[in-house]
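Every chain is numbered from 1 and lettered A, B, ... according to where its sequence line falls, protein lines coming before strand lines.
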Amino acid sequence: MTGPHLDNQQFTNYLLENRIDSEGVRHLAACPACREELERFTMLVSDFNKETLRWSEARTAGSVVKPPVRAQQWKPLVRWALAACVLLAGVLSVMMGDWRIHRERVSNGAVRLVQNSGEQIANDNRVLTGVYEEINAPVTVPMQEYGFPARRSKADSRVE
Amino acid sequence: MPGYWVNGKNMQMTLDASIVYLTGGREVVSELDDIHLLAQQYRPKLLRYIAFTVGDADLADSIAQDCLLKAYQARESFRGECSVNTWMFSIANNLIRDHTRNKKFQFWKKAQAKSVDLAEVASVQASGERSPEEHLLIRERTEQIYKALQRLSVNQRRVFMLKFLEDLNIAEISTAIGMPANTVKTHLRRAVTSMRTRLGGVR
């Protein structure tokens, strides 16, 4: 045997990078204990590798991975399309209802008059005259109904 | 490695994703497009890695399943910057991390209550029947490594397994666990030293 056994750095270098310094090479050539240790380490890890892989292969042999169902991807789209259809139908029905009412008004003559036409002006004059007459109609004071003279209100006296 | 002409570009298939077929030189279908092929190739490795990392075979089953589904769903985001193998292990590591973060208490409780059954590992028959002596020997060896692995820190155990069981190099391990290469080397050296001591080294 030459010199001390392989130190941790030499041992690790040999296992990880498969390189060892010249001193280590000389030692390995002469030291059966270190050679045996390296071989044993490698063999134990290799056996563990094989056994555990065999175990996991046996464990996963019967199991099945189900791919995510792609069919579900169109479901949200269909939902959105249905919602859009319902909304569109609602808007259309409201619009159709308004149109029908408009048509009915036109057919009843409610919207028949054209603004600033002579007929419209005459109509407005009639309405305004009616309002004026209503405002200026003589008001019967409740006291007068019983034969008492009507009192003048403060507002009337102020106007005078 | 020869390149393939895809959509007018010479795409070098540097990934180890096995090319199943090329349709008219336009569409490349890899193992990522077939979840059954993906499971067949990677599930045992993932299960083993996860099981010996978290110490619970049932939990590892569930995480491995999630890992395959996640890889399948995210296959379009795979840019081929690393191999599919490395990518799968990086997904597994993220899932393990998420699991340990989110359900830390339950996880450790569970991990302590159940560990990988070594009797089950040793009892799996090889191609030929094993004699009782061989069975016992294998169980002893497996147990020896398993116990030594359990004494490592989580990071040391992960890098040791990726290096010696999954045969990844330092750069791949670095990508898979999201750790700088020098840190990976340090963990690996410490792990080997610790394993050497526990397996009865001459020093």
Side-chain angles (χ1 to χ4, degrees), chain A residues 1-21 23-24 27-73, chain B residues 34-36 38-40 43-52 57 60-61 64-65 68-69 72-73 116-118 120-126 137-139 141-146 148-149 160-161 163-167 170 185 188-197 199-203:
Chain A
M1 195 183 78
T2 57
H5 291 298
L6 293 182
D7 62 18
N8 283 332
Q9 194 175 355
Q10 288 171 318
F11 188 83
T12 311
N13 281 347
Y14 185 82
L15 282 173
L16 297 181
E17 297 160 27
N18 207 16
R19 68 174 171 85
I20 195 163
D21 53 20
E23 194 185 331
H27 177 79
L28 265 183
C31 178
C34 282
R35 279 202 307 274
E36 195 186 317
E37 190 197 0
L38 273 171
E39 280 167 17
R40 187 166 170 272
F41 188 95
T42 313
M43 183 200 69
L44 280 174
V45 173
S46 168
D47 282 355
F48 184 78
N49 187 5
K50 281 183 211 157
E51 291 306 315
T52 50
L53 192 59
R54 198 172 286 146
W55 163 78
S56 57
E57 278 169 353
R59 198 178 164 94
T60 56
S63 51
V64 179
V65 180
K66 287 183 181 171
V69 185
R70 287 244 174 202
Q72 284 183 352
Q73 285 185 350
Chain B
D34 184 349
I35 195 164
H36 300 296
L38 202 65
Q40 196 184 337
R43 194 170 189 171
K45 291 164 111 186
L46 287 169
L47 174 70
R48 177 177 65 172
Y49 174 70
I50 299 165
F52 285 98
D61 266 332
Q65 170 96 358
L68 288 166
L69 287 175
Y72 182 73
Q73 283 168 339
V116 177
D117 187 1
L118 289 171
E120 193 190 323
V121 173
S123 69
V124 176
Q125 296 291 322
L137 189 67
I138 285 165
R139 186 174 173 175
R141 284 177 183 170
T142 311
E143 201 167 337
Q144 221 177 345
I145 291 279
Y146 180 71
L149 269 176
F160 186 88
M161 288 176 65
K163 171 69 185 167
F164 289 99
L165 305 189
E166 307 307 336
D167 206 22
I170 302 287
K185 278 184 194 170
L188 204 46
R189 286 186 176 280
R190 285 182 185 159
V192 171
T193 304
S194 174
M195 292 292 282
R196 184 191 188 193
T197 310
L199 295 177
V202 291
R203 272 180 64 93

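Considering all non-hydrogen atoms of both residues, B/Pro44 and A/Ser56 come closest at O-OG, 3.0 Å. Nearest approach of A/Arg40 to B/Leu199, heavy atoms of both residues: NH1-O, 2.8 Å. A/Asp47 and B/Arg141 make their closest contact through OD2-NH1, 2.6 Å (heavy atoms, listed as atom of the first residue, atom of the second, distance). For the pair A/Leu6 and B/Arg196, the tightest heavy-atom approach, listed with the atom from each and the gap, is O-NH2, 2.9 Å. Of all the heavy atoms in A/Phe41 and B/Met195, the pair that sits closest is CE1-CB, 3.8 Å.
Between the side chains of B/Arg48 and A/Asn49, at least one donor N or O lies within less than 3.5 Å of an accepting N or O.
Counting heavy-atom pairs closer than 4.5 Å to chain B, the top-ranked of the candidates A/Lys50, A/Gln9, A/Met43 is A/Met43. Ranked by non-hydrogen atom pairs under 4.5 Å with chain A, the options B/Ile170, B/Val192, B/Ile145 are led by B/Ile145.
Interface remark: B/Gln144 contributes side-chain atoms only to the contact with chain A (heavy atom separation under 4.5 Å). Residue contact with chain A, scored on non-hydrogen atoms closer than 4.5 Å, involves the side chain of B/Leu149 exclusively. At a 4.5 Å heavy-atom cutoff, B/Met161 makes no contact with chain A through either its backbone or its side chain.
At least one side-chain heavy atom of A/Val45 sits less than 4.5 Å from a side-chain heavy atom of B/Phe160. Looking only at side-chain heavy atoms (C-beta outward), A/Thr42 and B/Phe164 stay at 4.5 Å or farther from each other.
Atoms OG1 and NZ, from A/Thr12 and B/Lys185 in turn, are 13.5 Å apart once rounded to the nearest 0.5 Å. Taking CZ of A/Arg59 as the start and CG of B/Leu47 as the end, the distance is 6.0 Å to the nearest 0.5 Å. The distance from the CZ atom of B/Phe52 to the CZ atom of A/Phe48 is 4.0 Å, given to the nearest 0.5 Å.
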Point to revise | Step-by-step salt bridge (charged side-chain N to carboxylate O under 4.0 Å, His left out) determination, B/Arg189 to A/Glu17 | key: CA-CA 11 Å; B/Arg189 286 186 176 280; A/Glu17 297 160 27; 3.2 Å; yes
Practice item. Dump the intermediate steps for side-chain contact (heavy atoms from CB on, under 4.5 Å) on A/Thr52 and B/Tyr146, then the final yes or no. Key: CA-CA 10 Å; A/Thr52 50; B/Tyr146 180 71; over 6 Å; no
